[in-house]
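The structure displayed is predicted, hence computed values, not measured ones. Values reported hereafter were calculated over all heavy atoms of this structure, with side chains retained and with hydrogens, waters and symmetry mates removed. Throughout, a chain's letter reflects where its sequence line sits, starting with A, and its residues are numbered from 1.
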Amino acid sequence: MLTIQNLHARVEDKEILRGVNLQLNAGEVHAIMGPNGSGKSTLAGVLAGRNAFEVTEGQVFYNGKDLLDLDPEERAREGVFLAFQYPVEIPGVTNMYFLRAALNAIRKHRGQDELDGAKFLKLVKEKLNVLHIADDLLKRPVNEGFSGGEKKRNEIFQMAVLDPRLCILDETDSGLDIDALRIVADGVNSLRRKDRAILVITHYQRLLEYIVPDKVHVLYDGRIVKSGGKELALELEAKGYDWIKEQAA
Amino acid sequence: MTALAEKTGFLKHWDRFNGKRFSPYFEPLRQSARARFQDLPFPTARTEDWRFTSVTGLLGVPFEAPQSLRVDRQALPTLPPGDANCLVFVNGAFSGALSNIGNVPAGIKLGSLAQAGAETAERLKAVMGLASFQDQVFTALNTSLFDDGAYIIVEEGRVVPRPIELWYLSSPGQKNLLANPRTLIALGKNSQATIVERFLPADPLSALGQAGAYFTNAVTEIVLGERSILDHYKIQKEDTNAYHIAVTQVAQGAASSFSTHYFAMGGGLVRNDVRVRFDGEHSEATVNGLYLAGDTQHIDNFTVIDHAKANCASHELYKGILSDQAHGVFNGKIFVRPDAQKTDAKQTNKVLLLSDGATINTKPQLEIFADDVKCTHGATVGQLDDEQIFYLRTRGIDEKAARGLLTYAFANDVIGRVKINALREELEQKIIHL
Ligand SMILES: Nc1ncnc2c1ncn2[C@@H]1O[C@H](COP(=O)(O)OP(=O)(O)OP(=O)(O)O)[C@@H](O)[C@H]1O
Ligand SMILES: [Mg+2]
């Protein structure tokens, strides 16, 4: 579903991604771990189409299409979803209005009818229930005044409503208490499907106990320096990153 | 040009009408306004209150008084539904045919000033002249020349059940038209009303910017009796070739509540003053505005809140959205007089610049002479947030729609406060398709 080949990207004059290779197949869950500043969010941003990052080398294929050729909204309509590490506040726009505009843009692209108010409400209420979020979220402005945990939950809620094919979760677990973590993880697990792939960026093995990955990659200094099974996450938790850094050096 | 030479064009209008005008009751006031108009200079770049707005262009146009009244009904914008009380003026003159003043609820008097009788004129004396022409040359011009306008009198204790609409239409059938509409509103003790003033071009051609220049020089005067409540709206959608200079002057009795929302969406050169004075204690005023300007439009907002009495609160929120080469001005004066203890005044102006060529001048002016008061003001100028645009786009919303949505969100702060549902929806639609 997603093939990343020798991806290099920079911000201004600073090279951040320095040759990333990754193959993620439909039905799989992969985790990316790595120390602060190693380029995890940069990779996520490049995949979502953030234009502050300039791709200088390499290619990304998504379902056979050149992903880097598409605008952010086209990627979203094709099924790419990024749950932000730092979700953005949008005062003055309610979650309801925002999400309905988003869903209808995506449905239109898929050749589906726009959902009317009643059908939309039914759909979102189902998803709210799954994630244990109160209905009043819909009337509140997008992320405005939300706690860190509420913002993260809202990202997963949006993901559930928009029904993407490629889900990229950037540190969705940070800021969540243990109950919220379990709820979010259950929500993500309920989205695991044969035709969907999930890329989980995290610092903590804890999340991976709930969302069990097929593969774990370590991103260090702009490259994937080690890949392994779910036991790699445990090893990192126990030993930290120093041994990886030494190996990479 | 000398001060007098600039005036002769305008004074000609007066001579034409002198002695044979409607509403003779207001003649003495007109005479003194005319004398004052002759003496007062027009503002220049050195006039403090007009620093950012030049009237040079306006003074170069040979404006003419309205002549015949030709109304092509089909060319008119959609009038309010048949059962709403509505006074319609075309080129400054009342149109009985277009208005709806049947079924006026008991205790409410409204109509055309030109047709007002002696008794009504007497009742309006407390209102007429509230907007001082001693130092306001355009108010002097209006007061000396106005022929017609609307009056609304709400008797003590009466509650007007539905919004009353006042429509001032300018028909471009006549070149270089000058209209001086006057609006007088008097609320008795414990009364309540909602009033909407609209200034519009009368012809769709004009809405396309194909009409000639015209000048609307409007004065609205409002007196609120004790414990009365007025919800006032002004929608200004003049043609982009139009000059629109207007004053809304308000005097509030004790424990009264006044709220005004001004929506500036049209006009080439626009100056709108809102001047509120507290004449009694325990009153509150909400003075909000939203100004949208593109192309080379110039929109100047000037507000004065005069806390002349103690224990009053004023809340002011203006928001501007400027694109292309548009120029916006916000000047907010707050006076707190020596006796006005426990004043609570808040003023905010926020501006969204959608292009590099758009400019804004903001000038808060607080003059506080009492010590036990709470006065705050704030101004921000910003652009659409790239991070917000990106976030919306990652959810499938295209860039244009994302910008529209964020612009709407910015404006919604003001539009969301409109209490008339139909009007609020109308304004929302206008913004979202900007
Ligand atoms: N817009 C930007 N401008 C300048 N530098 C940036 C920008 N975005 C990221 N960087 C830099 O790129 C490097 C990688 O950042 P990135 O956010 O991808 O790290 P990360 O692996 O997600 O870290 P964390 O675990 O702290 O979230 C850091 O050194 C960061 O300071
Ligand atoms: Mg990060």
Side-chain angles (χ1 to χ4, degrees), chain A residues 44-53 70-95 97-110 112 139 141-144 151 154-155 157-159 161-164 166-168 170, chain B residues 261 263 288-292 317-321 348-354 378 380-418 421 424-425 427-434:
Chain A
V46 168
L47 296 176
R50 188 186 280 282
N51 64 11
F53 302 128
L70 304 177
D71 284 333
E73 58 269 34
E74 292 169 330
R75 299 181 196 197
R77 293 170 190 177
E78 290 285 332
V80 177
F81 183 93
L82 169 63
F84 281 54
Q85 181 174 4
Y86 305 107
V88 180
E89 299 193 5
I90 309 184
V93 179
T94 62
N95 279 294
Y97 192 97
F98 158 63
L99 208 50
R100 197 167 157 205
L103 181 62
N104 281 333
I106 290 170
R107 289 180 64 93
K108 196 171 159 202
H109 179 80
R110 292 180 187 159
Q112 296 168 319
K139 287 194 217 116
V142 178
N143 292 327
E144 192 188 31
K151 285 181 184 170
N154 192 17
E155 295 291 286
F157 165 60
Q158 290 172 28
M159 186 170 101
V161 172
L162 299 180
D163 191 25
L166 172 63
C167 307
I168 305 162
D170 191 357
Chain B
H261 287 79
F263 295 93
N288 293 344
L290 178 68
Y291 48 107
L292 313 176
L317 173 64
Y318 266 71
K319 286 197 148 189
I321 300 173
T348 311
N349 178 49
K350 293 186 178 173
V351 180
L352 185 57
L353 295 179
L354 296 179
T380 58
V381 178
Q383 278 138 20
L384 290 178
D385 185 308
D386 286 338
E387 200 51 33
Q388 292 179 338
I389 293 172
F390 178 62
Y391 190 72
L392 293 170
R393 293 178 75 188
T394 64
R395 301 312 188 235
I397 297 169
D398 67 56
E399 188 175 357
K400 188 167 180 289
R403 288 178 174 277
L405 190 54
L406 294 174
T407 306
Y408 163 77
F410 177 84
N412 197 28
D413 220 3
V414 178
I415 293 177
R417 294 169 206 249
V418 171
N421 293 339
R424 193 178 55 248
E425 280 157 23
L427 293 164
E428 279 169 356
Q429 286 310 312
K430 163 89 189 168
I431 299 286
I432 211 129
H433 294 118
L434 209 64

* Structure fact -> Scanning both residues in full, the closest heavy-atom pair of A:E73 with B:I397 reads CB-O, 3.6 Å

* Where on A:Y97 is there a heavy atom nearer than 4.5 Å to chain B: the side chain, the backbone, both, or neither? -> side chain

* **Ring geometry between A:F84 and B:Y391 (parallel below 30°, tilted from 30 to 60°, perpendicular above 60°)** => perpendicular

* **Pair A:E155 + B:R395, salt bridge at N-O below 4.0 Å** => yes

* Asked: Would a 4.5 Å heavy-atom cut-off, applied to side chains only, mark A:V88 and B:F390 as touching?
  -> no

* Give, as side chain, backbone, both or neither, the part of B:N412 having an atom under 4.5 angstrom from any heavy atom of chain A. => side chain

* To do: Return the minimal non-hydrogen interatomic distance between A:P91 and B:A409, and the atom names on each side.
  => O-CB, 3.4 Å

* Structure fact -> Residues B:G396 and A:A105: closest non-hydrogen pair is O-CB, 3.3 Å

* So, do A:I90 and B:L392 sit near enough that their side-chain heavy atoms are less than 4.5 Å apart? -> yes

* Asked: Below 4.5 Å, heavy atoms only, C-beta onward: do B:T394 and A:Q158 meet side chain to side chain?
  -> no

* To do: Enter the distance from B:D386:CG to A:N51:CG here, rounded to the nearest 0.5 Å.
  => 7.5 Å

* Please examine the side chains of A:R50 and B:E387, heavy atoms only from C-beta on, and report whether any two atoms are closer than 4.5 Å. => yes

* To do: Would you name the heavy atoms of A:P72 and B:R393 that are closest together and state the gap between them?
  => CD-NH2, 3.4 Å

